[in-house]
Asks: 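Here it is: the structure, laid out below.
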Amino acid sequence: MSAVIRRARAGEAVALTEIAHAAKRHRGYPEAWIARWRDALTVTPAYIRDHAVFVAAEGESPRGFYALSIDGSDAVLDHLWIAPERMGRGMGRALFRHAVRTAGAYGAARLEIDSDPHAEEFYRRMGARRIGEVPADVDGVRRVLPRLEAVL
């Protein structure tokens with residue numbers, strides 16, 4: 001991976017939102033579902049200021065990012081998205097490892113992940129283990145999100 005991981009800038013909120021939407025679309029979800037997830041996939045300047053948000057940037061351009069919410073010894077991976085054209089090149093692995101180190105540096109002992117079903121295997125390869133499920137029905141379609149944790 002040739003990208004540099006650095007703290008996100010508030011002015012990159014639109015670019016990060018675009019990455020999140022593009023990555024979700026890449027999984028083939030119906031456009032109506034993407035619209036329903038708009039708020040959850042939107043990153044604001046205030047969110048960047050209030051959370052640990054890091055980007056993998058090539059030059060000045062973000063190509064992937066992650067975001068953590070940290071509360072004492074618990075951290076939650078709110079986002080980890082890679083631009084579709086950069087998937088499969090090690091960027092997700094590098095960002096996840098960075099997220100684990102960052103959570104640990106903030107004093108967290110574990111990292112919780114409510115994963116998109118398509119990403120569960122990735123997180124398991126990264127050492128996370130499944131600890132449950134979260135209901136996530138959309139438009140009458142029964143769905144569950146795998147809940148995983150990585151012990152730091």
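Heavy atoms only: backbone and side chains are in, while hydrogens, waters and symmetry mates are out. In what follows, residues are counted from 1 in the order of the sequence shown.
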Asks: Give, for atom CD of Glu12 and atom CD1 of Ile19, the distance between the pair rounded to the nearest 0.5 Å.
Replies: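 Reported to 0.5 Å precision, the distance equals 8.5 Å.
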Asks: When rounded to the nearest 0.5 angstrom, what is the spacing between CD1 in Ile70 and CG in Leu111?
Replies: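 Rounded to the nearest 0.5 Å, the CD1-CG separation comes to 9.0 Å.
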Asks: Are more than 12 heavy atoms from other residues, nucleotides or ligands located less than 6.0 Å from atom CZ of Arg6?
Replies: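 Enclosed: over 12 neighbouring heavy atoms sit under 6.0 Å from CZ of Arg6.
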Asks: State, to 0.1 Å, how close Ala136 and Leu145 come at their nearest heavy-atom pair, and which atoms those are.
Replies: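 Looking at all heavy atoms of both residues, the shortest contact is CB-CG, 3.6 Å.
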Asks: Pair His21, His26 - check side chain to side chain contact (heavy atoms under 4.5 Å, CB included), show working.
Replies: CA-CA 9 Å; His21 279 84; His26 181 73; over 6 Å; no
Asks: How far does CZ of Arg86 sit from CZ of Arg63, to the nearest 0.5 angstrom?
Replies: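 Nearest 0.5 Å value for the CZ-CZ distance: 4.5 Å.
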Asks: Would you please test Val55 and Ile5 for side chain to side chain contact (heavy atoms under 4.5 Å, CB included) and show each step?
Replies: CA-CA 5 Å; Val55 300; Ile5 298 175; over 6 Å; no
Asks: Backbone N or O of Val43 within a donor-acceptor pair of the Thr17 side chain at under 3.5 Å?
Replies: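 Side chain of Thr17 to backbone of Val43: a pair is present.
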Asks: Rounded to the nearest 0.5 Å, what separates atom OG1 in Thr44 from atom NE2 in His51?
Replies: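 NE2 of His51 is found 9.0 Å from OG1 of Thr44.
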Asks: Are Leu95 and Met126 joined in one hydrophobic group, where the rule is that I, L, V, M, F, W and Y side chains link up if heavy atoms are under 4.5 Å apart?
Replies: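 Yes, Leu95 connects to Met126 through the hydrophobic network.
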Asks: Do the ring planes of Phe54 and His98 sit parallel (below 30°), tilted (30 to 60°) or perpendicular (above 60°)?
Replies: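 The arrangement is tilted - the two ring planes meet at 30° to 60°.
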Asks: Are Trp37 and Leu77 linked, directly or through intermediate hydrophobic residues, by side-chain heavy-atom contacts shorter than 4.5 Å (ILVMFWY only)?
Replies: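 Each belongs to a different hydrophobic cluster.
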Asks: Apply side chain to side chain contact (heavy atoms under 4.5 Å, CB included) to residues Ile48 and Leu16 and explain how you reach the verdict.
Replies: CA-CA 10 Å; Ile48 291 171; Leu16 302 187; 4.0 Å; yes
Asks: What I want to find out is whether Arg25 reaches Glu18 closely enough, with some N-O distance under 4.0 Å, to be called a salt bridge.
Replies: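 No salt bridge links Arg25 with Glu18.
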Asks: For Arg143, does its backbone N or O pair with a side-chain atom of Asp137 as donor and acceptor, under 3.5 Å?
Replies: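 Yes, the answer is positive, given that a donor and an acceptor are paired below the 3.5 Å cut-off.
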Asks: Can you classify the ring geometry of His79 versus Tyr47 as parallel (below 30°), tilted (30 to 60°) or perpendicular (above 60°)?
Replies: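 Ring orientation, 0 to 90° scale: perpendicular.
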Asks: Quick check for you: to the nearest 0.5 Å, what is the distance between Ser73 atom OG and Arg110 atom CZ?
Replies: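 One gets 7.5 Å once the value is rounded to the nearest 0.5 Å.
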Asks: State whether the number of non-hydrogen atoms from other residues, nucleotides or ligands found under 6.0 Å of Arg36 atom CZ is greater than 12.
Replies: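 No, not enclosed.
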Asks: When you measure from the side chain of Glu120 to the backbone of Pro117, do you find a donor-acceptor pair of N or O atoms at a distance under 3.5 Å?
Replies: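 Such a contact is absent between Glu120 side chain and Pro117 backbone.
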Asks: Looking at Glu149 and Arg129, is any side-chain nitrogen of the basic one under 4.0 Å from a carboxylate oxygen of the acidic one?
Replies: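 Yes, Arg129 and Glu149 are salt-bridged.
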Asks: Pairing donors with acceptors under 3.5 angstrom, does anything connect the side chains of Asp116 and Tyr123?
Replies: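 No pair is found: no donor N or O on one side chain lies under 3.5 Å from an acceptor on the other.
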Asks: Looking at Trp81, I'd like to know if the NZ or CZ of Lys24 sits under 6.0 Å from its six-membered ring centre while staying within 45 degrees of the ring's axis.
Replies: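 No, Lys24 does not sit over the ring of Trp81.
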Asks: Would you compute the distance between atom OG of Ser69 and atom CG of Asp74 and round it to the nearest 0.5 angstrom?
Replies: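 Nearest 0.5 Å value for the OG-CG distance: 11.5 Å.
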